[in-house]
**Q** 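Here it is, the structure, as structure tokens.
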Amino acid sequence: MTNRVYILHLWVRLWHWGNALAIIALSITGISLHFSDPNLPLVEFSLAARIHNVAGVILAGLWVVFVTGNIVTGNWWQYIPKPPGIIKRCLTQMKYYGSGIFKGEPEPYPPTPEVNFNVLQALTYWSIMYMVLPVVILTGLVFLYPQFAPDKLFGLDGLLPIAMVHYIGAAVILLFMVSHIYLGTVGPKVSSLFKMMITGWYEH
């Protein structure tokens, strides 16, 4: 018999899919702008620049929605690892991801209405959403409005260090996205966690 637990509210799911689409658009256009062969771009340069700018502003708006929604609803608490035994639970979850999952072992800390995320998820999501993403958004906005960039920063042209921070932060988010999609397949069924993000219900 399948047990169903309601985990994710509608606003979280809508924000998640909007955020995912914005990051995918930014990833594709960002790669096209900076790393593609000019003769073989993923997206034509001027179009990529326009899409990147619009998607960046949308991402910034969605981040404000995310932070505001978490404060208003109290959902911010889901991103805080819950004591006791945080380190022990981290190690247990790492062992599960590293080997247990391939042996068919049960998930050590399945989501519940009280605790949506295991401790590794909470730490990762908090780091991405409250540390890395704000830096990427801020540096991206400086690129969009370069008149606000300093003339010099650390003895270099003002935009150069900002560009490096932006690229590194974007790379971290891209790696997170790839791992996030992969780990989305490790529920009771391959489709379970994707379905949860659509319906809000976790089935196990």
**Q** Do Leu21 and Ile181 land in one hydrophobic cluster if side-chain heavy atoms of ILVMFWY residues count as linked below 4.5 Å?
**A** no

**Q** If you round to the nearest 0.5 Å, how far is CG of Leu8 from OH of Tyr202?
**A** 11.5 Å

**Q** Are Tyr109 and Val115 side-chain neighbours, meaning at least one heavy-atom pair lies under 4.5 Å?
**A** no

**Q** CZ/Phe143 to CD1/Ile162 distance, rounded to the nearest 0.5 angstrom?
**A** 7.0 Å

**Q** The test is side-chain contact (heavy atoms from CB on, under 4.5 Å); show your working for Val186 and Ser192 and say whether it passes.
**A** CA-CA 8 Å; Val186 304; Ser192 295; over 6 Å; no

**Q** Are Asn70 and Trp77 packed together at the side-chain level, in the sense that at least one heavy-atom pair is separated by less than 4.5 angstrom?
**A** no

**Q** Looking only at non-hydrogen atoms, find the nearest pair between Pro111 and Asn116 and report the distance.
**A** CB-O, 3.1 Å

**Q** Looking at Thr68 and Val65, would you say the former's side chain and the latter's main chain have a donor-acceptor pair under 3.5 Å?
**A** no

**Q** Would you check, one step at a time, whether the test side-chain contact (heavy atoms from CB on, under 4.5 Å) holds for Val136 with Ile173?
**A** CA-CA 9 Å; Val136 172; Ile173 290 174; 3.8 Å; yes

**Q** Excluding sequence neighbours, so at least two apart, what forms side-chain hydrogen bond (donor to acceptor under 3.5 Å, both in side chains) with Tyr6?
**A** Arg13

**Q** Using the side-chain contact (heavy atoms from CB on, under 4.5 Å) rule, take Ile7 and Met196 through it: C-alpha gap first, then chi angles, then the decisive distance, then the call.
**A** CA-CA 8 Å; Ile7 298 293; Met196 180 181 71; 4.1 Å; yes

**Q** Applying a strict under-4.5 Å side-chain criterion to I, L, V, M, F, W and Y, I'd like to know whether Val119 and Ile128 cluster together.
**A** no

**Q** For a quick test of reading the model, state the closest non-hydrogen atom pair linking Tyr97 to Ile101 and the distance between them.
**A** O-CG2, 3.5 Å

**Q** Name all residues meeting the side-chain contact (heavy atoms from CB on, under 4.5 Å) criterion together with Ile137; count only those two or more places apart in sequence or in a different chain, and write none if there are none.
**A** Leu59, Ala60, Trp63, Leu133, Leu141

**Q** Which distance, rounded to the nearest 0.5 Å, do you find between the OG of Ser191 and the CD of Glu203?
**A** 8.5 Å

**Q** Does any part of the side chain of Phe117, heavy atoms only, come nearer than 4.5 Å to the side chain of Leu123, both counted from C-beta?
**A** no

**Q** Mind listing the closest non-hydrogen atom pair of Gly169 and Val132 along with its distance?
**A** O-CG1, 3.7 Å

**Q** What distance do His34 atom NE2 and His166 atom NE2 have between them, rounded to the nearest 0.5 Å?
**A** 6.5 Å

**Q** Compare every heavy atom of Val43 with every heavy atom of Ser32, then report the nearest pair and how far apart it is.
**A** OG-O, 2.6 Å

**Q** Can you find a heavy atom in the side chain of Trp17 that is under 4.5 Å from one in the side chain of Leu14?
**A** no

**Q** Is there a path from Trp126 to Ile71 through hydrophobic residues (I, L, V, M, F, W, Y) whose side chains come within less than 4.5 Å of each other?
**A** yes

**Q** Name all residues meeting the side-chain hydrogen bond (donor to acceptor under 3.5 Å, both in side chains) criterion together with Asn53; count only those two or more places apart in sequence or in a different chain, and write none if there are none.
**A** none

**Q** Taking only residues two or more places apart in sequence or in another chain, which ones pass side-chain hydrogen bond (donor to acceptor under 3.5 Å, both in side chains) with Gln121?
**A** Asn118

**Q** Test of understanding: clusters of I, L, V, M, F, W, Y form through side-chain heavy atoms closer than 4.5 Å, transitively. Do Met94 and Leu175 belong to the same one?
**A** no

**Q** Apply side-chain contact (heavy atoms from CB on, under 4.5 Å) to residues Val5 and Trp201 and explain how you reach the verdict.
**A** CA-CA 5 Å; Val5 182; Trp201 291 89; 5.5 Å; no

**Q** Just wondering, more than 12 heavy atoms not from Ile80 lying within 6.0 Å of its CD1?
**A** yes

**Q** Do Leu10 and Phe66 land in one hydrophobic cluster if side-chain heavy atoms of ILVMFWY residues count as linked below 4.5 Å?
**A** no

**Q** What I'd like to find out is whether the side chain of Trp76 reaches to under 4.5 Å of the side chain of Val67, using heavy atoms alone.
**A** no

**Q** Which class fits the ring pair Phe176 and Tyr125: parallel under 30°, tilted 30 to 60°, perpendicular over 60°?
**A** perpendicular

**Q** Drop me the distance from Thr139's OG1 to Leu144's CG, to the nearest 0.5 angstrom.
**A** 11.5 Å

**Q** Tell me every residue that passes side-chain contact (heavy atoms from CB on, under 4.5 Å) with Pro108, counting only those two or more places apart in sequence or in another chain.
**A** Thr92, Gln93, Tyr96

**Q** Heavy atoms only: give me the nearest Leu62-Ala22 pair and the separation to one decimal.
**A** CD1-CB, 4.5 Å

**Q** Might you point out which heavy atoms bring Ala25 and Ile51 nearest each other, and give the distance in Å?
**A** CB-CG2, 4.5 Å

**Q** First locate atom CD of Glu105, then atom OG of Ser99, and finally report the distance between them rounded to the nearest 0.5 Å.
**A** 6.0 Å

**Q** Please name all residues satisfying side-chain hydrogen bond (donor to acceptor under 3.5 Å, both in side chains) with Asn19, sequence neighbours left out, ordered by chain then number.
**A** none

**Q** Quick one: are Ile23 and Met177 in side-chain contact, heavy atoms under 4.5 Å?
**A** yes

